[in-house]
Amino acid sequence: MGEQPIFSSRAHVFQIDPSTKKNWVPTSKHAVTVSYFYDSTRTVYRIISLDGSKAIINSTITPNMTFTKTSHKFGQWADSRANTVYGLGFSSEAHLSKFADKFAEFKEAARLAKERSQEKMELTSSPSQESATGDLQSPVTPENINGTNERVTPDAPFNTESRAEINAVPFPHSSSSITKHWEAELAALKGNNAKLTAALLESTANVKQWKQQLAAYQDEAERLHRRVTELECVSGQTAGAKTQKTELNQTIEELEAELKAREEELENLKQEVEKASQLQTQKDSLTQKLQETERRNVELESQLLDLEQRLENSELESHSFRKSLRSLLQLLDGKIFELSELRDSLAKLMEEDSS
């Protein structure tokens with residue numbers, strides 16, 4: 001969701017041995033790419049490194065992290081969320097220094113983003129407190145709107161003239177209280193909406209909580225409808241009440257439209273979760289195939305070693321056979337030479353007898 005690489009370097013990746021907490025265990029056979037990523041939607045910086053399709057580093061930078069140079073070419077940092085310590089071995093001191101500078105820069109950016117987020121949460125939470133105060137100070141009931149059932153104290157007796165004066169006045173104090181009350185409630189709704197948006201961007205795991213909040217929004221919209229109906233019944237032809245009714249109806253329509261948009265976002269999040277589940281299944285299947293391929297590769301290597309051994313034995317036997325054959329040929333050559341001399345001797349004897 002908008003995550004982009006902003007700096008990359010190559011290094012050998014290590015993790016601390018979880019059993020001893022002292023020795024380093026290499027997680028990559030060779031130097032791999034280690035990158036800083038920035039998620040603009042969540043304002044989060046992460047360090048990510050992949051060895052093939054396997055993520056060997058997935059660390060979110062927080063303000064309390066520290067990158068330590070332990071030698072001229074080696075640095076490390078602790079990730080409490082992953083419950084491990086990562087180590088990086090660089091090819092030169094310059095690469096290590098550049099990586100450490102970027103770590104400090106993004107750590108400071110993460111700290112500033114966290115402070116801004118806290119300030120925003122404080123600003124959004126303050127209207128909710130005002131709304132709660134307004135509900136206690138200016139409750140809206142039919143009795144204190146039309147003035148027909150005003151409570152009176154013994155010091156201020158209620159008579160026909162005072163009733164006529166109350167009915168003749170357009171109730172500026174009551175209208176302002178209603179307006180203040182509804183403005184406070186609308187501000188609270190906007191604050192809740194901001195919190196809802198932040199929660200959606202934070203994680204798809206909060207879908208259930210969103211449903212509960214959406215249900216609360218729907219209940220709030222129904223309550224606003226009932227309040228509007230009550231105001232229509234008690235306001236009569238008062239121009240101020242009509243204006244408030246129009247504004248409240250517009251606000252309710254905006255809230256309903258926003259609720260629909262949130263529901264669509266929830267559906268999109270559900271689809272993304274399903275896609276992520278499918279991708280995880282595919283990943284598991286590919287991992288299993290890779291393991292089978294590696295096992296087959298080991299078997300083939302074993303067969304290759306066996307064939308090489310057989311070939312070596314065959315060459316030794318062939319060499320021995322050639323040596324024996326060469327000795328036999330030499331023996332045959334000697335016998336043939338002897339037979340040739342014997343033939344020559346016999347031929348000479350025959351010539352002498354004939355003469």
Side-chain angles (χ1 to χ4, degrees), residues 5 8-35 48-58 70-76 84-96 98-99 278-355:
S8 297
S9 183
R10 292 188 65 81
H12 291 271
V13 181
F14 300 85
Q15 283 190 22
I16 201 72
D17 191 345
S19 58
T20 63
K21 298 296 183 180
K22 294 181 180 179
N23 301 325
W24 289 107
V25 178
T27 56
S28 63
K29 297 180 181 179
H30 49 78
V32 295
T33 301
V34 183
S35 302
I48 297 176
S49 178
L50 301 176
D51 188 4
S53 60
K54 178 183 178 182
I56 57 179
I57 297 179
N58 186 0
T70 56
S71 68
H72 295 297
K73 298 182 181 180
F74 194 86
Q76 66 184 49
T84 188
V85 179
Y86 293 103
L88 297 178
F90 294 88
S91 59
S92 66
E93 186 177 359
H95 288 94
L96 173 60
K98 185 68 174 177
F99 191 90
Q278 294 176 359
L279 290 174
Q280 183 64 32
T281 303
Q282 293 178 0
K283 177 184 175 183
D284 294 339
S285 177
L286 291 174
T287 302
Q288 185 177 0
K289 289 182 180 179
L290 179 61
Q291 292 176 352
E292 292 177 356
T293 303
E294 290 178 349
R295 180 177 55 81
R296 181 61 179 169
N297 191 19
V298 171
E299 292 177 356
L300 291 175
E301 288 179 353
S302 177
Q303 293 178 3
L304 179 60
L305 290 174
D306 188 26
L307 290 175
E308 289 178 349
Q309 186 65 32
R310 290 182 181 179
L311 180 61
E312 185 177 356
N313 294 335
S314 177
E315 289 178 351
L316 290 175
E317 291 177 356
S318 176
H319 181 71
S320 178
F321 178 74
R322 289 194 187 97
K323 187 176 181 180
S324 301
L325 185 60
R326 191 176 295 109
S327 300
L328 182 60
L329 288 174
Q330 291 176 356
L331 183 60
L332 287 175
D333 289 339
K335 297 296 182 181
I336 292 171
F337 180 74
E338 291 177 356
L339 289 173
S340 298
E341 289 182 347
L342 180 60
R343 179 180 176 281
D344 293 338
S345 299
L346 292 174
K348 289 179 181 181
L349 289 173
M350 290 176 66
E351 288 177 0
E352 290 177 354
D353 292 340
S354 61
S355 61

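What you are looking at is a predicted structure, and each value in this text was computed from that prediction instead of being measured.
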Review point. Is a side-chain donor-acceptor pair under 3.5 Å present for S318 with R322?
Key: yes

Practice item. Go through the structure and list residues passing ring pair (Phe, Tyr, Trp, His ring centres under 6.0 Å) with F99, not counting sequence neighbours. Key: Y36, F67, F90

Practice item. Show the numbers, then the answer: is there a side chain to side chain contact (heavy atoms under 4.5 Å, CB included) between V13 and D51? Key: CA-CA 10 Å; V13 181; D51 188 4; over 6 Å; no

Check your understanding: How long is the gap from OG on S302 to CG on L307, to the nearest 0.5 Å?
Key -> 9.5 Å

Exercise for review: First locate atom NE2 of H30, then atom CZ of R10, and finally report the distance between them rounded to the nearest 0.5 Å.
Suggested key: 7.5 Å

Study note, to complete from the structure: So side-chain hydrogen bond (donor to acceptor under 3.5 Å, both in side chains) across residues 280-289, not counting sequence neighbours, yields Q280-D284

**Study point:** Which atom of G75 lies closest to which atom of L96, heavy atoms considered
**Key:** N-CD1, 3.9 Å

**Study point:** Heavy-atom closest pair, residues K21 and I16
**Key:** C-CG1, 3.7 Å

Review point. If you measure from OG on S324 to NE2 on H319, what distance do you get to the nearest 0.5 Å?
Key: 10.0 Å

Study note, to complete from the structure: Nearest heavy-atom contact between I56 and T27 is CG2-O, 3.8 Å

**Study point:** Distance-minimising heavy-atom pair for N23 and T20
**Key:** N-OG1, 3.4 Å

Review point. Who pairs with T293 by side chain to side chain donor-acceptor pair (under 3.5 Å), at least two apart in sequence or on another chain?
Key: none

Study note, to complete from the structure: Here the pair of heavy atoms bringing E93 nearest to K73 is N-CG, 4.2 Å

Review point. Ignoring hydrogens and geometry, is there a side-chain-to-backbone donor-acceptor pair from S354 to M350 under 3.5 Å?
Key: yes

Point to revise | Spacing of L88 atom CG and S49 atom OG [to the nearest 0.5 Å] | key: 8.0 Å

Practice item. Would you please name every residue forming a side chain to side chain contact (heavy atoms under 4.5 Å, CB included) with S35, sequence neighbours left out? Key: S8, T33, F37

Revision key, fill the gap. Taking every heavy atom of Q15 against every heavy atom of T84, the minimum-distance pair comes out as OE1-OG1, 3.5 Å

**Study point:** With F74 via ring pair (Phe, Tyr, Trp, His ring centres under 6.0 Å) - residues at least two apart
**Key:** F14, W24

Less than 3.5 Å apart, which donor and acceptor atoms pair up between the side chains of residues 326-349 and the rest of the protein, not counting sequence neighbours?
unit_1: S327; atom_1: OG; unit_2: K323; atom_2: O; d: 3.1
unit_1: S340; atom_1: OG; unit_2: I336; atom_2: O; d: 2.9
unit_1: S345; atom_1: OG; unit_2: E341; atom_2: O; d: 3.0

Review point. Any Lys/Arg nitrogen of R296 or E299 sitting under 4.0 Å from an Asp/Glu carboxylate oxygen of the other?
Key: yes

